[in-house]
Amino acid sequence: MDKYVVKGGKQLFGQVDISGAKNAAVAIIPAALMVEGVCRIENIPQISDTKKLLEMLALMGAKIRFVNKTTLDIDCSNVHLSDDIYDLTRQIRASYYLIGSMLGRFGKASTTMPGGCNFGVRPIDQHIKGMKALGAVMDISRGFIKAEAKGGRLKGTRIYLDKVSVGATINVMIAATMASGITVIENVAREPHIVDLANFLNSMGADIRGAGTDVIKVRGVDKLHGGSYCLIPDQIEAGTYMAAVAGTGGEVTLTNVIPKHLDCISAKLIEMGVEIEEGEDFVTVRRTGELTHTNIKTLPYPGFPTDMQPQVSTVLALANGTSVVTEGVWDNRYKYVNELRKMGAEIQVDGKTAVIQGVKKLYGAPVAACDLRAGAAMVIAGLCAEGTTTIEDIVYIERGYQDFVGKLRKLGADIVKISDPDPKSDEGIAEAV
Ligand code: EPU
């Protein structure tokens, strides 16, 4: 199995360029299925989740051409449903956005239940509720999802989501784009990538208003046309480097960011004693003094992101005093704590609450990435620890971080990737996520 080996204790210095947002890309690529014409998408992160989604589109007949490493042309002029995608759709979470886009494009959908990181139960009842409200007949059995729009086309309606869900907001918004009439979706999520998806769809001819507020109004259109679009930078990738500098100390400038999207993360890091300077499209993060404890509760945007909880909790494990972290989004997102304990962290977890008693030092140890952000947290722990940390199961990390090792090495980190000569041994894990 591939692994990262980190020799800790080095401060980070320099500049790091942030890639395009994973969670925007994994919504926009499936949405491109509805576009009849060439969409040029810039700032696509080079990560395994985007590669898999592009493979799915290609299996459905899309023509995909890379203009450069992060810009591509997707032409979905001649696409069709295909059973060949099922092996891939089972591997990642975002494959469920194909339900919305297939219904929009073909009036029917055929896929599997999605994969994704395991933080307890991850229901998709709100997605299904939305599709049904739009007039889809849904058949979900034995891991397959089949849907068909009554009369061949979805029909706009008013939908109230019972839970603020990023995925359901995106999926219903995609499906409503090509429905007849007007759809109003209430109690929606407001994450930056939801706004990015709406902007992408609007630039291809959709009529979506209100993304970024808690009510989205979609006036359905008959057709989407080609165009070009540049993805926003990744809030969580940026936050991960900010947390890494907070942990190791040093000074790093993150370029290609939208500082406003980072406010919820910056605010907590500042409370912890980290200095942050914002420019128009960069932030500089500096930590020279001691780290101070704080309390955090994760919430939907603009609250503190759950996808930063493991990384910042890891830094709090090295702060003076006791911190209380409450997970407000997922039922079970503390599996990584067992790994951190192997490195000397003192953390007690009770349900959704973690009580972190800061320690003076973490010590290198063999650990595993339990999921994508937990894996990033292990890398941060390794960078801060005394000695050598080996991180296994890095396929999870590579689902979401473009060139993590290369970018960290440029900042002075001592981290290498050791590749398994027999890559087949990683496949079992990739399929289990
Ligand atoms: N929920 C339901 N029913 C649903 C959908 C969600 O009860 O139909 C619940 C979930 O169980 C959870 C809460 O609502 O308790 C929020 O889930 P949400 O739907 O917002 O999460 P998601 O769309 O499955 C996306 C990101 C996650 C991120 C969450 C929250 C993608 C592909 N995934 O997941 O990102 O944690 O939003 O912000 O966009 C990551 O990038 O590491 C990651 C896990």
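All heavy atoms count here, side chains included; hydrogens, waters and symmetry mates do not. If you're wondering where the values come from, they're calculated on a predicted model, not measured in any experiment. Start at 1 and go down the list; that is how both ligands and their atoms are numbered.
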Classify the contact between [X] and ligand 1 as side chain, backbone, both or neither, using a heavy-atom distance cut-off of under 4.0 Å.
| X | answer |
| --- | --- |
| Lys163 | side chain |
| Asp371 | neither |
| Arg333 | side chain |
| Tyr96 | side chain |

Contacting atoms of ligand 1, where contact means under 4.0 angstrom from a heavy atom of [X]:
| X | value |
| --- | --- |
| Thr306 | 30 (C), 36 (O), 38 (O) |
| Gly167 | 19 (O), 23 (O) |
| His127 | 8 (O) |
| Gln126 | 3 (N), 4 (C), 8 (O) |
| Asn23 | 26 (C), 31 (C), 32 (C), 33 (N), 35 (O), 39 (O), 41 (O) |

Flag, side chain of Ser165 to backbone of Leu161, donor-acceptor distance under 3.5 Å: no
Check: Ser19 main-chain N/O paired with Glu237 side-chain donor or acceptor under 3.5 Å: yes
Lys63/Asp75 ion pair, N-O < 4.0 Å: no
Verdict with reasoning, Arg333 to Asp307, per salt bridge (charged side-chain N to carboxylate O under 4.0 Å, His left out): CA-CA 10 Å; Arg333 206 171 189 174; Asp307 293 344; 2.7 Å; yes
Could you tell me the separation between the [atom1] atom of [X] and the [atom2] atom of [Y], rounded to the nearest 0.5 Å?
| X | Y | atom1 | atom2 | value |
| --- | --- | --- | --- | --- |
| Met378 | Cys370 | CE | SG | 6.0 Å |
| Ile174 | His127 | CD1 | NE2 | 10.5 Å |
| Asp17 | Phe282 | CG | CZ | 13.5 Å |

Val26-ligand 1 polar pair, N/O distance under 3.5 Å: no
Polar contact flag for Ala168 and ligand 1 (N/O pairs, less than 3.5 Å): no
Option of least heavy-atom distance to atom 28 (C) of ligand 1 (set: Asp307, Ile124, Leu372): Asp307
Among Val166, Asp125, Val164, closest by any non-hydrogen atom to atom 37 (O) of ligand 1: Val166
Answer yes or no for [X]: is there a heavy-atom contact with ligand 1 below 4.0 Å?
| X | answer |
| --- | --- |
| Pro123 | yes |
| Arg399 | no |
| Lys129 | no |

Phe404 and Tyr4 aromatic ring geometry - parallel, tilted or perpendicular at 30°/60° bounds: perpendicular
Leu372 side chain near Tyr401 side chain, heavy-atom distance below 4.5 Å: yes
Evaluation steps, side-chain contact (heavy atoms from CB on, under 4.5 Å), between Glu398 and Lys417: CA-CA 11 Å; Glu398 296 187 348; Lys417 176 176 172 177; 3.1 Å; yes
